[in-house]
Protein chains: 2
Amino acid sequence: MDRNMLFFCSFCRHKTDDELHQLDCHIDHSISRYERNRYIAHQGDPIRDLYMLLDGQVRTEMVSSTGIVLPVSIISAPAPLAAAFLFATDSRFPVDVIATEPCRVARIPRSAVEGQMASCPGFLRGFLTFSADRMRLLSDRIKVFGHKGIKSKVAYHILLNEHQGEFKMGHSITWLAEYFGVERPSLSRAISELVRDGIIAYRNGNGTILNAAALREMAL
Amino acid sequence: MDRNMLFFCSFCRHKTDDELHQLDCHIDHSISRYERNRYIAHQGDPIRDLYMLLDGQVRTEMVSSTGIVLPVSIISAPAPLAAAFLFATDSRFPVDVIATEPCRVARIPRSAVEGQMASCPGFLRGFLTFSADRMRLLSDRIKVFGHKGIKSKVAYHILLNEHQGEFKMGHSITWLAEYFGVERPSLSRAISELVRDGIIAYRNGNGTILNAAALREMAL
DNA sequence: GCATATGCGTAACATTTGTTACGGTATTGA
DNA sequence: TCAATACCGTAACAAATGTTACGCATATGC
């Protein structure tokens, strides 16, 4: 069994290849190959299987009801595709999934996934943890958007990453601007203003909180 | 066994009370009661149990690192509390949870939850579906935020809810404004402009797409 | 009937944010 | 060393959004 197939099984992932070969753990699945630019799934397709991208890379695209295409993201193996939605009510692919290079994809029927969950605690826990961690990413992002105004977002982000008056931005300004959903120059300006107003000191990704009260005020 | 305890079990939820009493399905759990304004959980507390709000209502609050409090949401029974994070890596309550009226809360140890998942397919599926549906809500919201500019958000929302040239907003303008993270008058203005420019007709929550091309253009 | 609350559209104005363009620094690889 | 690239700060101006206030409906309860 392919090691990547065991992505979700926290127990199995740490076994040696020898141990894996001796393992009596068979999950019903089929493997498909896709050439570059082939569609692995179309937006709206019902999700009946767990899709595991074993090798290669895909891009996902969203198609609006009458044809505009907007890129969403790039996913590299090994990774599940739309795993979060497999068990959703009326679960369908929210995007097109297209191979950007030759890919190998394993499909595991939902029933087999459920069976594996019931019989293999590591698999169950792996899946749940993967889902939960992903949910946390989304949830954190939503919280950022809950703060109106760039300075409020920045202030919130700083308070989250604060440790004894110091903080690290943790990412490039360019990256953060995308994360916040604002333009880079705007974010840059916002930070400059925080510095100008004596609320923080900042340089090169690291900073110090000078006026905690004002910063808290901004985070609303 | 309390019917609310079986929130996640799609099989059990549809049984009659008689059937429930005869059911040989015992989940290890303890039940606590909380008076109004009592803390059920503090932000940062490790999550070791599944919290099920059986009766009453809670509010969640977020506390920034130095004390500001911002309200997040109200949750009414029956509902799980932070269920999405139970299996996260280093899972902790992201918010304070405070009773707004007398509450009853069942706590089921994580290990018992895992055991129940392994032995009761309905429970497993119920939990997974709940998580997945919730993930979809968050995911949809993130997608909205991915569209910059109010008109782009509105256009996207309309295209999502379009059906043969007609659409329903589905919510009040006030509600949508919050959902989009913009001010109500701003949203109102944006819609008015779409109408003024002959792109849509709109009245009372329902509308018609007049210029699909322009609308698609706006959704980027 | 009346007071109250909610939801909605509108307007004028203030503020924030986007846009575009430029220059500077650091890194990388030829 | 040099060119190419990525990342960042800044500025001036344009555009979008927020703010505040008002009037009008509709529902609700007294």
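All values below come from the heavy atoms of this structure, side chains included, with hydrogens, waters and symmetry mates left out. Residue numbers start from 1 in every chain, and the chains themselves are labelled A, B, ... in the order their sequence lines are given, proteins ahead of strands.
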Tell me every residue that passes salt bridge (Lys or Arg N to Asp or Glu O under 4.0 Å) with A:Asp18, counting only those two or more places apart in sequence or in another chain.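 Not a single residue meets the salt bridge (Lys or Arg N to Asp or Glu O under 4.0 Å) criterion with A:Asp18.
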
A:Arg59: what forms a salt bridge (Lys or Arg N to Asp or Glu O under 4.0 Å) with it, not counting sequence neighbours? A:Glu61

Value in whole Å for how far the [atom2] atom of [N] lies from [atom1] of [X]:
X: B:His147; N: D:dA16; atom1: NE2; atom2: P; result: 17 Å
X: A:Ile150; N: C:dT16; atom1: CD1; atom2: C1'; result: 8 Å
X: A:Leu194; N: D:dT10; atom1: CG; atom2: C1'; result: 16 Å
X: A:Lys151; N: C:dT15; atom1: NZ; atom2: C1'; result: 11 Å
X: B:Leu187; N: C:dT10; atom1: CG; atom2: C1'; result: 14 Å
X: B:Arg189; N: C:dC13; atom1: CZ; atom2: C1'; result: 11 Å
X: A:Met218; N: C:dT16; atom1: CE; atom2: C1'; result: 13 Å
X: B:Phe180; N: D:dG18; atom1: CZ; atom2: C1'; result: 17 Å

Side-chain donor-acceptor contacts of residues 188-201 of chain A below 3.5 Å, not counting sequence neighbours, with atom names and distances?
| residue | atom | partner | partner atom | Å |
| --- | --- | --- | --- | --- |
| A:Ser192 | OG | A:Ser188 | O | 3.0 |
| A:Glu193 | OE1 | A:Lys151 | NZ | 3.0 |

Residues which pass side chain to side chain contact (heavy atoms under 4.5 Å, CB included) with A:Arg36, listed by chain and number, not counting sequence neighbours: none

The criterion is side chain to side chain contact (heavy atoms under 4.5 Å, CB included); which residues satisfy it with B:Arg104, sequence neighbours excluded?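 In terms of side chain to side chain contact (heavy atoms under 4.5 Å, CB included), with neighbours along the sequence ignored, B:Arg104 is linked to B:Asp2, B:Ile31, B:Arg33, B:Leu54, B:Asp55.
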
Could I get the full list of side-chain hydrogen bond (donor to acceptor under 3.5 Å, both in side chains) partners for A:Lys15, not counting sequence neighbours?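 For A:Lys15 there are no side-chain hydrogen bond (donor to acceptor under 3.5 Å, both in side chains) partners, ignoring immediate neighbours.
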
Side chain to side chain contact (heavy atoms under 4.5 Å, CB included) partner of A:Leu86, the single match among A:Leu81, A:Ile47, A:Asp49: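 Only one option passes, and that is A:Ile47.
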
For B:Phe87 and A:Ala132, which heavy atoms make the closest approach, and how far apart are they? C-CB, 3.8 Å

Five pairs at each end of the helix from C:dG1-D:dC30 to C:dA30-D:dT1: take the axis at both ends and give me the angle between them to 10°.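 Between the axes fitted at each end of the helix from C:dG1-D:dC30 to C:dA30-D:dT1 lies an angle of 50°.
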
May I have the list of side-chain donor-acceptor pairs in residues 170-181 of chain A shorter than 3.5 Å, sequence neighbours left out?
| residue | atom | partner | partner atom | Å |
| --- | --- | --- | --- | --- |
| A:Ser172 | OG | A:Trp175 | N | 3.0 |

When every nucleotide of nucleotides 4-9 of chain C is labelled 5' to 3' by its protein contacts under 4.0 Å (heavy atoms), B for base, S for sugar-phosphate only, - for none, what sequence of letters results? ---SBB

